[in-house]
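Here is the structure we will look at.
Note on naming: letters A, B, ... go to the chains in the order of the sequence lines (proteins, then strands), and numbering restarts at 1 for each one.
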Protein chains: 2
Amino acid sequence: MDFTLKPIQPVSTRDAVYDALRALILQLELPPGTAISEKDISLKFNVSRTPVRESFVRLAQEGLLEVYPQRGSYVSLIDMNLVEEARFMREQLEVAVVRLACAEFPAERLTELERNLSQQRASIEAHDYRLMFELDEAFHRTIFEGCNKTNTWQVLGSINAHLNRSRMLRLAADQQWDHLFEQHLGIVEAIRIHDEQHAAELMTAHMHLTIEDQSLLRAKYPDYFKS
Amino acid sequence: MDFTLKPIQPVSTRDAVYDALRALILQLELPPGTAISEKDISLKFNVSRTPVRESFVRLAQEGLLEVYPQRGSYVSLIDMNLVEEARFMREQLEVAVVRLACAEFPAERLTELERNLSQQRASIEAHDYRLMFELDEAFHRTIFEGCNKTNTWQVLGSINAHLNRSRMLRLAADQQWDHLFEQHLGIVEAIRIHDEQHAAELMTAHMHLTIEDQSLLRAKYPDYFKS
DNA sequence: ACTACCACACTACCATACAAGTGTGGTAGG
DNA sequence: CCTACCACACTTGTATGGTAGTGTGGTAGT
């Protein structure tokens, strides 16, 4: 007997286009300000304008795309006000969740965090910053999952689209990965020994570290920023 | 010389349909579980399927609509896990913002809060709960605006769609508006005298009050809830 | 040389037709 | 009476044509 569920949909064209465009925007391969038209994209992907259009609707709702009727669509510029508020929201939620984690955290999630940490160490030594970026995401997601706050993490995912775009600009830069890694170590230790106060302090500092040097970024990529 | 900007768009059909459907869903005039088809809506609004469809995409992204390809679309059921996490997120952000407000808050916003409070008092005496609901929204929004956290409030707006739907169920019920009003009074007073600790405690309690008695709701409207 | 104007290429918006999958009710066969 | 099956009436997904508004570059007129 085969209980495998047949995929509800192999993959809808709309979702495929959406995923592709979103990835291109977040990885800055479509830099802020880039003009993109439904027609262009539909030709590049060899699909009709309909699924492209619907992808545009979703991207516009997330604030990643600005659509001006009858004039054109543009990858949205990075809005520093928005980025700062995204950082603010993330800080509040991350701190609150890590406090919960100090009170109660499943053992298997803790080992998952430790496994992640060892991978982080390896990727830093290998100077693989792209991988380190992904591990950092996974690290924080695991904390949320361990506290049964999966939906919260998903909401953060869309909120942080802008935040991550500016973080991506610093990927090549020095980005003090060593420092971030030390903080990760401390956070996991605090969770293990249920030191809520210390965990909260570490997480607060951690959330501030991910966004400094914005004026430098602005100077380096002036065209990518708004106002 | 006339510097008035002509409206970029009188109002796109898509946005009109989206706004209408969203309001219908949030006010439970389209109850959770209701089947709605693109065709039906397009006939009712006398527009083609295209703008309706794009509205569906947006509503589905917000989690207010479930779309099953080739089978139908349904107003999403209320997911209590989601509601609780929405409440959690809102609590963290509201508390953080009210702390900011205690440190610094513009005078004109404070008078706006006081004006709002007197309107609340009047609407409670008039038993106009619908108006009270709106005043409550405006009250919290004003606090966010006074702290330059407008974007944060907007994000909360989409997060709280689910939360508000379950709150709406209680509108006719007793919904201890008196108690909520007392807390509002206390919060404004705490902001005025910069009593951060007290404000945070009041807001925490306030955020918990808005969601109690869920089991009662579930018993009363079992078909509206998920799992 | 400069300005006003207009045709044209381009955009997103909307309507419509067709494609493909799903569930159901009726019917034919056992 | 029961079951298997199939046609049909739905659904959403995709493609395409026409509409209206916008910006630009070239041209005619001064």
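Here dC13(C) presents its P atom at 11 Å from CZ of Arg58(B), a figure rounded to the nearest Å. One interatomic measurement links the two molecules: NZ of Lys39(A) to C1' of dT19(D), which rounds to 14 Å at whole-angstrom precision. Rounding to whole angstrom units, CG of residue Asn46(B) and P of dA15(C) are separated by 10 Å. Rounded to whole angstrom, the span from the CZ atom of Arg49(B) across to the P atom of dT14(D) amounts to 11 Å. Between the P atom of dT22(C) and the OH atom of Tyr74(B) lies a distance of 13 Å, rounded to the nearest Å. Protein atom CD1 of Ile36(B) is 13 Å distant from nucleotide atom C1' of dT11(D), rounded to whole Å. Regarding Leu43(A), its CG atom lies at a distance of 12 Å from the P atom of dA12(C), rounded to whole Å. Taking atom CZ of Arg71(A) as the reference point, atom P of dA9(C) lies 21 Å away to the nearest angstrom.
OP1 or OP2 of dC14(C) sits under 4.0 Å from a side-chain N or O of Thr13(B). Residue Ser12(B) places none of its side-chain N or O atoms closer than 4.0 Å to OP1 or OP2 of dC13(C). Dashed line: the shortest gap from a side-chain N or O of Ser73(A) to OP1 or OP2 of dA12(C) is under 4.0 Å. Note on Ser48(B): every side-chain N or O is 4.0 Å or more away from OP1 and OP2 of dC14(C).
Looking at Glu62(B) and Tyr18(B), their side chains do bring a donor and an acceptor atom within 3.5 Å of each other.
Contact annotation for Arg14(A): backbone-only contact, meaning every heavy-atom pair under 4.0 Å involves sugar-phosphate atoms and none involves a base. Among the atoms of the strands shown, base atoms are found under 4.0 Å from some heavy atom of Arg53(B).
Not one N or O on the side chain of Asn164(A) forms a donor-acceptor pair closer than 3.5 Å with the backbone of Arg167(A).
A salt bridge between Arg53(A) and Glu54(B) is present, with a side-chain N of the basic residue lying under 4.0 Å from a carboxylate O of the acidic one. We find that Asp15(B) and Arg58(B) are joined by a salt bridge, their nearest charged nitrogen and carboxylate oxygen being less than 4.0 Å apart.
When distances are taken from the side chain of Val67(A) to each of dT12(D), dA12(C), dA15(C), the shortest belongs to dA12(C).
From Phe56(A), atom CZ reaches atom CZ of Arg14(A) across 14.5 Å, with rounding to the nearest 0.5 Å.
Nearest-nucleotide positions on DNA chain C for Thr50(A) and Ser37(A) put Ser37(A) closer to the 5' end.
For Gln70(B) and dT12(D), a side-chain-to-base donor-acceptor distance below 3.5 Å is present, hydrogens and geometry of angles not being considered.
Across all strands shown, dG29(C) forms a Watson-Crick or G-U wobble pair, both distances under 3.5 Å, with dC2(D).
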